[in-house]
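Below: one structure, written as structure tokens.
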Amino acid sequence: MEHVILPNDNYPWWQRYQPVSYQLYSRSGTPEQFADMVRRCNAVGVRTYVDAVINHMTGLGRVGVSYGGSSYNGDAHDFPGVPYTAEHFTPKNLCPSSDGNVNNYAVEENVRNCYLVGLTDLYGALDYVRNAVAGYLNNLVDLGVAGIRIDAAKHMWPADIANMLSRVKDLPTSHGFPAGSKLFVYNEVIDRNDGAVTVDEYYDTGMVTEFRYCMKLAWGIADYGQLGGLVDYGWGMARDDRAFVFVDNHDNQRGHGGAGDVITHKTPREYKQAVAYMTAHPYGFAQVMSSYYFTNTDEGPPHNADWSTADVVINADGSCGGGWVCEHRWNVIAKMVRFRNAVAGTAMENYWNNGGAVAFSRGNKGFFAMAKGGSMDQTLSTGLPAGTYCNIIDSCATNINVGSDGKARIQINNYEEPIVAICVGCTADSGPTSAPCTGSNCGVTTASPPVDGTCTQAPPSGTSRTVIFVQKATSVGQDLFIRGGIDHTKRPGCVDNAGTSACAISITTNSLGTSAHYDKYNAWRVGDTKLDWYGVQSGQGSYNGQASAGSPLAWTSNTASSSGFQSLNKWGDHYWMLDVNMDCSETEQGWFELKAFLTNSGSGWENDISQGACTGTAGGTAPYTTKNHMVDNLYCRPLSRRSLHRP
Ligand code: LAG
Ligand code: CA
């Protein structure tokens with residue numbers, strides 16, 4: 001959103017927390033650039049979450065013109081870019097503090113009706129304000145944003161938030177969200193059992209930040225003996241399915257809100273242990289922080305000469321440069337996110353802690369151990385089936401053998417990364433495939449937030465973007481589909497039902513565009529969750545009453561001026577295209593079959609195919625022969641078949 005511009009303070013990071021309008025201009029770019037980023041991220045399974053500042057506008061005394069041209073005047077309560085005028089701000093008589101500012105956290109009305117650090121407080125009880133905020137959120141939803149953090153939610157009345165959210169539409173299926181998905185919401189509430197406002201008041205409006213967790217974790221990393229008490233409901237910590245947890249955030253890592261007793265990237269060795277423990281531990285929905293380096297606590301992000309935010313520099317080794325820390329790319333952190341996804345939905349068991357080292361299992365799916373001093377040697381119960389596992393933290397350089405009694409000798413000898421994480425199905429560079437997110441929980445409903453991992457919005461690991469072109473010069477009005485999967489004779493459990501057949505392959509379709517040219521494609525790809533042999537799927541979208549006949553293709557061209565232009569089409573007109581994320585684990589070692597299907601006085605099924613062996617550098621031998629097209633999905637190749645060919 002547009003925010004104040006403060007050259008005299010060297011454009012501090014907290015400019016952003018003084019909104020001027022809901023136009024998406026900021027130091028980071030334009031609305032068009034934002035929309036483009038979200039679209040491209042969604043296309044590769046990366047979701048976008050927006051920090052929504054809806055409790056207030058600018059501070060008193062702030063006057064100027066913002067990035068999108070909107071003027072602002074805090075003292076006059078004048079924000080024509082929305083527009084908001086004085087009557088849209090909380091009436092003075094509702095705030096019990098003498099100077100009008102929040103200054104007594106023991107009194108609810110003080111916290112919620114007064115001005116937080118002098119920021120002009122929006123009157124969320126008004127229909128007009130609720131509608132303006134919902135308009136902003138609906139614009140984000142239209143652009144494909146998956147969720148929001150509600151800044152300063154503690155300073156808003158839960159009923160006002162609930163009303164605003166009730167006006168927000170479901171997430172668009174055109175961006176790959178399952179029908180009925182809701183905006184993911186987490187409420188920022190700093191609660192240490194030290195005031196009138198508590199986290200449980202926000203359970204109906206989404207998840208809620210759990211700042212006690214930052215402290216408890218920091219204490220535990222300093223003294224492993226305390227890790228066992230990480231979650232302390234006696235201290236009022238949020239319910240497991242509502243807690244939004246993190247090691248540090250943008251405020252408390254630099255001494256702003258919720259600071260004190262927090263570990264940050266400035267002590268990397270401790271930070272890795274803290275993030276590892278958080279991601280291994282089942283409590284809450286975990287957020288991984290990604291920062292920029294700073295010395296001054298007001299300092300903004302790396303910037304260009306005009307103070308606009310600088311691009312992130314990615315070094316040859318995958319780390320970040322240009323002033324960006326990119327904790328999420330650190331080895332331990334990236335690997336532990338995989339571990340968390342691999343063990344999602346399991347409980348913590350076999351907990352062991354000797355004060356200097358800690359270990360536990362996650363159901364029968366994973367086992368985690370960590371040694372404060374850098375070394376340990378202990379035989380422990382892992383909860384895992386017997387077998388040989390490898391430590392994903394050291395990229396499988398070391399093996400761990402679990403005996404038939406479930407026990408294993410756990411040795412750590414690594415000062416910088418003193419961690420062992422093993423999980424069923426995990427290899428050096430991949431975790432097992434988790435189930436794709438289906439149903440209304442994927443976007444996170446405010447009523448029942450999801451468990452991360454089981455419901456990550458990104459395609460699960462093992463999912464690959466797959467684009468299929470079929471060349472066919474069709475007649476006007478004809479539509480082309482593909483059907484496919486695995487031959488019924490090759491697998492048990494194959495039935496004529498996409499939802500249950502073991503021969504159908506899970507897909508999520510990607511948008512190719514929103515212009516009228518793609519109306520049919522967009523209508524038919526709704527609910528198309530399988531590449532299968534059986535025609536229209538139950539629940540699949542229809543176009544003007546016309547049912548789909550498989551997975552829809554869109555007519556494309558390589559001519560830039562054509563309405564069907566697609567940059568991936570390198571060949572010409574009439575290259576019908578499908579763009580999906582495919583669950584590789586359901587292919588035959590990366591192979592799958594398909595055939596085209598032409599409707600509207602078309603011939604139906606494409607003729608049988610007699611396909612020779614693939615040649616060229618990517619060539620491989622199909623697992624069986626078929627009368628259909630046999631496709632070798634290079635990105636779905638398992639390690640054993642990947643060799644040097646993986647593009
Ligand atoms: C939050 N959570 O409730 C944010 O996480 C936190 O970063 C925001 O404060 C705060 N709420 C308001 O959105 C940040 C800085 C403040 C800054 C404020 C507004 O931590 O330091 O206040 O954003 O930009 C600044 C000055 C104050 C001044 C105020 C208003 O530091 O001295 O009174 O602006 O002009
Ligand atoms: Ca308020």
Side-chain angles (χ1 to χ4, degrees), residues 1-6 8-20 26-27 50-64 66 72-75 77 84 88-92 94-97 99-105 107-126 129-130 133 148-161 163-164 186-192 195-197 199 201-202 208-209 211 214 244 246 248-259 262 287 289 291 294 296-301:
M1 52 173 66
E2 268 187 299
H3 54 75
V4 295
I5 307 176
L6 306 174
N8 295 337
D9 298 308
N10 285 327
Y11 308 86
W13 63 266
W14 41 263
Q15 285 186 161
R16 285 185 187 281
Y17 293 94
Q18 300 195 37
V20 164
S26 74
R27 71 201 301 163
V50 164
D51 193 352
V53 184
I54 54 179
N55 171 64
H56 55 262
M57 298 300 279
T58 74
L60 292 166
R62 308 286 188 188
V63 188
S66 187
Y72 55 93
N73 184 333
D75 283 347
H77 294 90
Y84 282 139
H88 301 127
F89 292 83
T90 311
K92 288 284 171 207
L94 296 181
C95 160
S97 91
D99 65 357
N101 286 323
V102 175
N103 57 16
N104 183 357
Y105 281 87
V107 177
E108 218 180 346
E109 287 76 15
N110 186 301
V111 178
R112 289 174 170 151
N113 291 344
C114 302
Y115 283 22
L116 172 64
V117 295
L119 296 160
T120 52
D121 198 67
L122 283 166
Y123 192 23
L126 295 181
V129 171
R130 292 173 170 184
V133 169
I148 54 168
R149 164 188 186 263
I150 299 185
D151 178 68
K154 179 177 185 175
H155 302 277
M156 298 177 70
W157 294 92
D160 293 346
I161 296 177
N163 184 287
M164 290 165 181
Y186 66 104
N187 298 273
E188 190 227 8
V189 179
I190 303 174
D191 170 13
R192 299 193 183 107
V197 174
V199 289
E201 296 174 54
Y202 295 84
V208 61
T209 55
F211 279 78
C214 305
F244 187 93
F246 40 92
D248 63 328
N249 79 348
H250 76 282
D251 272 325
N252 67 14
Q253 75 168 196
R254 51 172 52 68
H256 282 247
V262 172
Q287 171 179 260
M289 180 64 187
S291 313
F294 62 90
N296 177 311
T297 60
D298 291 332
E299 195 176 322

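Order of appearance sets the numbers: ligands from 1, and atoms from 1 within every ligand.
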Within less than 3.0 Å of the Ca ion (ligand 2), any N, O or S from [X]?
| X | answer |
| --- | --- |
| Asn55 | yes |
| His56 | no |
| Arg112 | yes |

Task: Heavy-atom nearest option to atom 21 (O) of ligand 1, drawn from Gln18, His256, His3 - done: His256
Should you measure from each heavy atom of [X], which atoms of ligand 1 turn up under 4.0 Å away?
| X | value |
| --- | --- |
| Ala152 | 2 (N), 3 (O) |
| Glu188 | 1 (C), 2 (N), 3 (O), 5 (O) |
| His250 | 5 (O), 7 (O) |

- [ ] Could you tell me whether Met156 approaches ligand 1 through its side chain, its backbone, both or neither, with non-hydrogen atoms closer than 4.0 Å?
- [x] neither
Task: Within reach of ligand 1, part of His56 (heavy-atom separation under 4.0 Å) - done: side chain
About how many Å separate [atom2] of [Y] and [atom1] of [X], when rounded to the nearest 0.5 Å?
| X | Y | atom1 | atom2 | value |
| --- | --- | --- | --- | --- |
| Asn73 | Met57 | CG | CE | 12.0 Å |
| Tyr115 | His56 | OH | NE2 | 12.0 Å |
| His77 | Leu60 | NE2 | CG | 5.5 Å |
| Phe244 | Gln287 | CZ | CD | 4.0 Å |
| Leu94 | Tyr123 | CG | OH | 5.0 Å |
| Thr90 | Asn55 | OG1 | CG | 7.5 Å |

Task: Residue that, paired with Glu188, satisfies side-chain hydrogen bond (donor to acceptor under 3.5 Å, both in side chains) out of Lys154, His155, Arg149 - done: Arg149
- [ ] Please check if the distance between the ring centroids of His250 and Tyr17 is under 6.0 Å.
- [x] yes
Task: Non-hydrogen atoms of Ser66 and His3 that approach each other most closely - done: OG-O, 2.7 Å
Decide whether an N or O pair under 3.5 Å exists between [X] and ligand 1.
| X | result |
| --- | --- |
| Val117 | yes |
| Leu119 | no |
| Asp151 | yes |

Is it true that [X] lies under 4.0 Å from ligand 1, counting heavy atoms only?
| X | answer |
| --- | --- |
| Arg254 | no |
| His155 | no |
| Trp13 | yes |
| Gly59 | yes |

Task: Protein contact for atom 32 (O) of ligand 1 (heavy atom, distance under 4.0 Å) - done: no
Counting non-hydrogen protein atoms only, what is the nearest one to [atom]? Give residue, atom name and distance.
| atom | value |
| --- | --- |
| atom 7 (O) of ligand 1 | Asp251 OD1, 2.6 Å |
| atom 9 (O) of ligand 1 | Tyr17 CB, 4.5 Å |
| atom 14 (C) of ligand 1 | Trp14 CB, 3.6 Å |

Task: Any donor-acceptor pair under 3.5 Å from Gln15 side chain to Leu6 backbone - done: yes
Task: Residue His155 atom name (nearest to the Ca ion (ligand 2); N/O/S) - done: O
Open item on the list: Whether Arg254 engages the ring of Trp13 as a cation-pi pair (distance to the six-membered ring centre under 6.0 angstrom, angle to the ring normal within 45°) should be assessed.
Closed with: yes
TODO: Please confirm whether Arg27 makes a cation-pi placement over Tyr11, using NZ or CZ under 6.0 Å from the six-membered ring centre and within 45° of the ring normal.
DONE: no
Open item on the list: Does either side chain, that of Asn110 or that of Asn103, offer a donor lying less than 3.5 Å from an acceptor on the other one?
Closed with: yes
